[in-house]
Amino acid sequence: MAFPFPGGGPRWRGFNLLYLFSERHAAEPREEDFRWIAEWGFDFVRLPMSYRLYSDPSDPFRINEKALASLDRAVELGLRHGIHVNLNLHRAPGYCVNPPAEPVSLWQDPRALHAFRFHWALFARRYADVAPERLSFDLLNEPPGDGERGMRRDDYVRIVRAATEAVREISPKRLIIADGLNYGNEPLPELADLQIGQSCRGYLPMGISHYQASWVKGETYPPPTWPQGWHYGVYYDRA
């Protein structure tokens with residue numbers, strides 16, 4: 001497969017929209033959000049999703065069509081306003097970076113991997129007619145580091161390859177993105193042959209990017225100063 005964007009790809013700029021992020025944050029996509037984003041000169045939205053919103057947590061192969069109608073609307077709004085839409089599994093069967101922990105492991109449980117493949121094949125089939133310039137897939141939000149949460153590096157490579165294969169059997173030109181290891185910070189050269197994108201984070205120094213962020217106890221971080229006391233994400237005492 002040839003990478004769908006010759007010359008390195010587009011330079012999209014935009015936002016996460018949390019309509020399907022979690023049960024607590026669930027909301028119907030709003031056209032005014034897409035209109036504002038386009039009017040401000042941006043052209044990209046990422047939709048982090050929880051599989052629990054569109055399928056049964058006890059049976060991830062049972063799909064809730066009503067919830068997927070909300071996703072259909074978000075994709076349609078992106079098309080209407082000239083905004084590229086990127087679908088991301090933030091909570092996948094078997095893994096989420098946020099609590100609560102999933103009851104099974106995407107890295108170790110074959111049924112979880114089967115469900116993961118099933119969901120990406122579902123999206124590939126559902127949006128097969130949407131051009132890759134308008135819609136892309138980000139397979140899994142922020143996998144852990146090698147050896148963390150029961151995952152080895154080759155486990156992550158294996159699940160990326162499995163999901164990529166499932167998508168390409170249906171939608172061979174779809175742009176697929178894999179987050180880097182270590183919560184999005186470390187690219188994987190061993191995925192280069194797949195000709196997929198890799199998404200890495202700009203969280204350094206974390207003392208700035210996550211200052212006051214409650215989910216990483218950022219309220220305990222000292223106020224950022226200049227010259228910074230933060231170097232490559234580690235705080236040091238300048239005194």
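Just so it is clear, the values below take in all heavy atoms, side chains as well, and ignore hydrogens, waters and symmetry mates. Here the structure is a predicted model, which means the values were calculated and not measured.
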S.K.: Quick one: closest heavy-atom pair of Ser55 and Pro60, and the distance?
M.R.: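 Answer, listing the atom of Ser55 first, then Pro60: CB-O, 3.7 Å.
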
S.K.: Closer than 4.0 angstrom, basic N to acidic O: yes or no for Asp59 and Arg111?
M.R.: yes

S.K.: Would you call the rings of Phe116 and Trp120 parallel, tilted or perpendicular, where under 30° means parallel and over 60° means perpendicular?
M.R.: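 It falls in the perpendicular class, over 60°.
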
S.K.: Minimum heavy-atom separation for Ile83 to Ala38, with atom names?
M.R.: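 Heavy atoms only, the tightest pair is CD1-N, 4.0 Å.
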
S.K.: Any idea how Phe21 and His25 line up, ring-wise: parallel (<30°), tilted (30 to 60°), or perpendicular (>60°)?
M.R.: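 Answer is perpendicular, since the angle exceeds 60°.
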
S.K.: Determine, for Glu133 against Lys173, whether the closest basic-nitrogen to carboxylate-oxygen distance falls under 4.0 angstrom.
M.R.: no

S.K.: When you measure from the centre of the six-membered ring of Phe137, is the NZ or CZ of Arg174 under 6.0 Å away and within 45° of the axis?
M.R.: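 Relative to the ring axis of Phe137, which defines the angle, Arg174 lies inside both limits.
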
S.K.: Within the supplied structure, the quantity of interest is the number of heavy atoms (other residues, nucleotides, ligands) at a distance under 6.0 Å from His114 NE2; does it exceed 12?
M.R.: no

S.K.: Do you see a donor-acceptor pair shorter than 3.5 Å between the side chains of Ser136 and His84?
M.R.: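 Yes, His84 and Ser136 have a side-chain donor paired with an acceptor closer than 3.5 Å.
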
S.K.: Begin from the C-alpha positions of Asn86 and Leu47 and carry the test side chain to side chain contact (heavy atoms under 4.5 Å, CB included) through to its verdict.
M.R.: CA-CA 6 Å; Asn86 176 252; Leu47 299 176; over 6 Å; no

S.K.: Determine, stepwise, if the pair Arg161 / Glu165 fulfils salt bridge (charged side-chain N to carboxylate O under 4.0 Å, His left out).
M.R.: CA-CA 6 Å; Arg161 289 186 177 278; Glu165 179 183 45; over 6 Å; no

S.K.: Does the side chain of Tyr95 come under 3.5 Å of the side chain of Asn141 through a donor N or O and an acceptor N or O?
M.R.: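 Absent: no donor and acceptor within the cut-off.
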
S.K.: For the residue pair His81 / Glu39, report whether a side-chain donor-acceptor contact shorter than 3.5 Å exists.
M.R.: no

S.K.: Under a 4.0 Å threshold between the charged nitrogen and the carboxylate oxygen, would Arg153 count as salt-bridged to Glu148?
M.R.: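 No, no charged N to carboxylate O under 4.0 Å.
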
S.K.: Is there a donor-acceptor contact under 3.5 Å linking the side chains of His90 and Asn98?
M.R.: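 The criterion, which ignores hydrogens and geometry beyond distance, is satisfied for Asn98 and His90.
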
S.K.: To the nearest 0.5 Å, how far apart are CZ in Arg24 and CG in Leu18?
M.R.: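 Nearest 0.5 Å value for the CZ-CG distance: 10.5 Å.
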
S.K.: Do the side chains of Arg158 and Asp155 get close enough for a salt bridge, i.e. N-O under 4.0 angstrom?
M.R.: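 Between Asp155 and Arg158 there is a salt bridge, with a charged N closer than 4.0 Å to a carboxylate O.
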
S.K.: Side chains of His119 and Tyr54: do they bring a donor and an acceptor to under 3.5 Å?
M.R.: yes

S.K.: Are a donor atom and an acceptor atom from the side chains of Tyr51 and Glu102 found within less than 3.5 Å of each other?
M.R.: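 Side-chain D/A pair, Tyr51 to Glu102: present.
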
S.K.: Is atom CG of Asp154 surrounded by more than 12 heavy atoms (other residues, nucleotides or ligands) closer than 6.0 Å?
M.R.: yes

S.K.: Looking at every heavy atom in both Ser50 and Glu23, which two are closest together, and how far apart are they?
M.R.: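 Between these two residues, the closest heavy atoms are OG-OE1, 4.2 Å.
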
S.K.: Going by distance alone, is a donor N or O of one side chain under 3.5 Å from an acceptor N or O of the other, for Asp146 and Tyr156?
M.R.: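 Result is no, nothing qualifies.
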
S.K.: Do Arg46 and Asp138 make a side-chain contact, defined as non-hydrogen atoms from C-beta onward lying under 4.5 Å apart?
M.R.: yes

